[in-house]
Amino acid sequence: MYVAVKGGERAIENAHAWLAEERRGDTGIAELSIPQIREQLSLAVNRVMAEGSLYDPDLAALAIKQARGDLIEAIFLIRAYRTTLPRFGASKPVDTGAMACDRRISATFKDLPGGQVLGPTFDYTHRLLDFKLAADGEVPAAPSRDADMGEVPHVTEFLNREGLIEEAPKEDTTPPDLTREPMEMPADRALRLQALTRADEGFTLGLAYSTQRGYGRNHAFVGELRIGTVPVEMDIPELGFAIEIGEVTLTECETVNQFTGSKTKPPQFTRGYGLVFGQTERKAISMALVDRALRWEELGEDNVGAPAQDAEFVLYHADNMQATGFLEHIKLPHYVDFQSELELLRKLRREAGADQLQEAAE
Amino acid sequence: MTPLLSVQGITKRYGMHFGCADVSFDLYPGEVMGIVGESGSGKSTLLNCMAGHLPPDAGRVVFDTRTDGPRDTITMSEPERRMLGRTDWAFVHQHARDGLRMGVSAGGNVGERLMAVGERHYGNIRDKATDWLGRVEIDASRVDDRPTTFSGGMQQRLQIARNLVTGPRLVFMDEPTGGLDVSVQARLLDLLRGLVRDMGLSAIIVTHDLAVVRLLADRLMVMKSGRVVEAGLTDQVLDDPQHAYSQLLVSSVLQV
Amino acid sequence: MTEYNFAYLDEQTKRMIRRAILKGLAIPGYQVPFASREMPMPYGWGTGGVQVSAAVLTPQDRFKVIDQGADDTTNAVSIRAFFQRTAGVATTTSTGDATVIQTRHRIPEDTLSEGQILVYQVPIPEPLRFLEPRESETRKMHSLQEYGLMHVKLYEDISRHGHIATSYAYPVKVEGRYVMDPSPIPKFDNPKLGDMAAIQLFGAGREQRIYALPPYTQVVSLDFEDHPFEASKADHPCGMCAATDSYLDELIVDDAGGRMFVCSDTDYCEARQAAGHKGKDAA
């Protein structure tokens, strides 16, 4: 006798219980703590903050633990949490010119005010698995010295003074908030940058790479990559002035790109821009390349049909919450629609079969 | 008699350079106007400005609409212009691919304009489409085939059928025989001549090929560097060109 | 979950969603953009429907959730539990008793009445999406009523298959103006859309669109005069309750590929069985 499938509720409860067990793993092994994740997996924490659009390293670390290390699942937790948070207001724009740089490099000049500061980078490490790390050991203190970077002006300022790079005029209009208003095309640059900073790193990386290989090439040079902390200030109406409410670590990348010009305007370099929470270099550089690719129209360039030039394609597929949600939803039951397709297909095949029998008979 | 189309002072600049400068003419119902010139003469710019594909910097394009009388199409709202493009106007592109849906069958391509204006009987749509395929000398058996399987000449004839099926009053044509073999061109021109005559169409044809205008156009404008250097009846201009450039054009054509 | 607002969303957000709903009701079938929020369930898993339900629910409502017509499928269970936790509303499996019904891919078999709200979960709100991928272009097509392309698709189906080859998410024309995607309900359910006494609301969270059909709206499935729309029907009665007028699920019951057909609408089927109707596969 057929018994209707029931017990969905029980199944879900059991699944969640097992999930919790798997998350903990072997209870004979020490449990991960939030501070451990925050301190020792900080680059994962950075990515979760950047794509979750919420600057809170402890929450991001918690999300990573709860998500068993699946960063997109962790980003989901942060985004859902963010939705519920009340908003007090908006900060003033941060001044990256005043950044206390831990790392600052430029590929366009050998030396420049502020110097080339490598910072804590993987760049020149040899990618050889270090088995010493498997046995927790003491890390020797790195050599240190008082900071004497002095002023660290942006490279693009020097180019700008000579008129060699397009202006980046100050804009005081409030940018749209794509978490509060539906995204509508055409999207201006502010909206595009907003979407890109929280876009999936892999997707952005792939698109940036494609421009380098000729799909909308724009000859990017890293004019400046700087990573460090900036103060965040907010106007407090009750006080009548702005106060510093905290500081955040940011990665900023300014690219110097293909020059444009016309009969009426002498040529200048063009700009690409990337800005991401935390030390998140790959994403910041990718963002700058894709930003530049999307600017083809306002710079009077040709649309060569490259994916990175198609604003609708980039912006509608860059958000990994939307992407993973819709991708994974195909695991949900679809048998009702499948049933309709089955019926239609059977009907069409019956009719085609009937025709064939008819032809054979004639 | 009101002109069907009155073009007044159309000007389009590209930086310091003129795409076309201050072009004016009137077109009456049933007339075919040819616009000739070499590449860079501005004829395609002019056509695109008239057809609403490119906004001119100055000028008016006044069309005698069915319901509202003469209206300047440059200042029309986009919905009105797009409606015009589906009903009274047609545009035959130089490359058939630009004017067809390559992923849709021949019947679907021809039927689309009918469906866009409200036809809802599959059998009738299919019959009209098949009928039109016949009129442009495409075999009826190809009605369900995609244009990707057609030769260049066939694709062009399909594009013409797709454009003419709703009986537009004005057809713009951009190098309609461009890129086709000579014998295929001849066949296409004959076809166009017959259709224009039978349907009483008005047309504006842009071409660098004098044979096309000789066969199809009643009147002719010769363009050079964005300006009209000579205009008049086709036979008069071709047989007795006055302007030095027109003379050069006519004499350059190989007489075989 | 006492620290969350009633039905999870804050009041400002609910107000924003209600404004979009009102716009949708004022222009039946028109897709209203709205700022979809990130919800605790993934995009694609009903966030649009959940946000619409959250915006319309009141503490006095009785809430029913179905997926594929059944109350007990995992996602329906999950969503019902979500509202139990965040809204504390009474929930029910009875279509007749419910005041708000959230559904994925089916319209209940029982005729709905005035005072009920049916909330649909919508994956892709744009009926023209697979013919024209660009949103900028499809918005123009709707505003200019340029639906030729839609009919071309139907024409192509008939020329290739002899029939219109769409069996679910079958496009409809609303009040003679907007072409609408009724969400992936089987075309069997299309006739229920028109002239319904209940309010119908459609939420697409990921795509950020809400649309609506007020009660007693004219809804016509697209077709050709000589190929009229047919709400297909399986030629079996339900194996459990013997109903001949409901949409049936096909179940594979043994290794030999034996089949059984049962009502997709579990509430409808159980009520019929309780009233004494028995199909050939019932005990």
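To find a chain, count down the sequence lines: A is the first, B the second, and so on, and within it residues start at 1. Atom set for the values below is all heavy atoms of this structure, side chains included, hydrogens, waters and symmetry mates excluded.
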With a 4.5 Å limit on heavy-atom distance, are the side chains of B:F150 and B:I138 in contact?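 They are in side-chain contact.
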So do the side chains of B:I205 and B:I35 get within less than 4.5 Å of each other, counting heavy atoms only?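 Side chain of B:I205 against side chain of B:I35, heavy atoms only: no contact under 4.5 Å found.
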Can any side-chain N or O of C:E126 pair as donor or acceptor with the backbone N or O of C:L128 at less than 3.5 Å?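 Checking the backbone N and O of C:L128 against the side chain of C:E126, a donor-acceptor pair under 3.5 Å is found.
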So, does B:R162 use its side chain to make a donor-acceptor pair with the main chain of B:N109 at under 3.5 Å?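 Yes.
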Quick check on [X] against chain B: is it the side chain, the backbone, both or neither that has a heavy atom closer than 4.5 Å?
X	answer
C:E156	side chain
C:Y155	both
C:H151	both
C:L149	both

Please indicate whether B:E137 has more than 12 foreign heavy atoms, meaning atoms of other residues, nucleotides or ligands, lying under 6.0 Å from its CD.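 Correct, the count exceeds 12.
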Most chain C-contacting option - heavy-atom pairs closer than 4.5 Å, from B:G108, B:A116, B:G111: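 Going by pairs under 4.5 Å, I would pick B:G108.
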Side chain, backbone, both or neither: which part of B:R101 has a heavy atom under 4.5 Å from chain C?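 The side chain, not the backbone.
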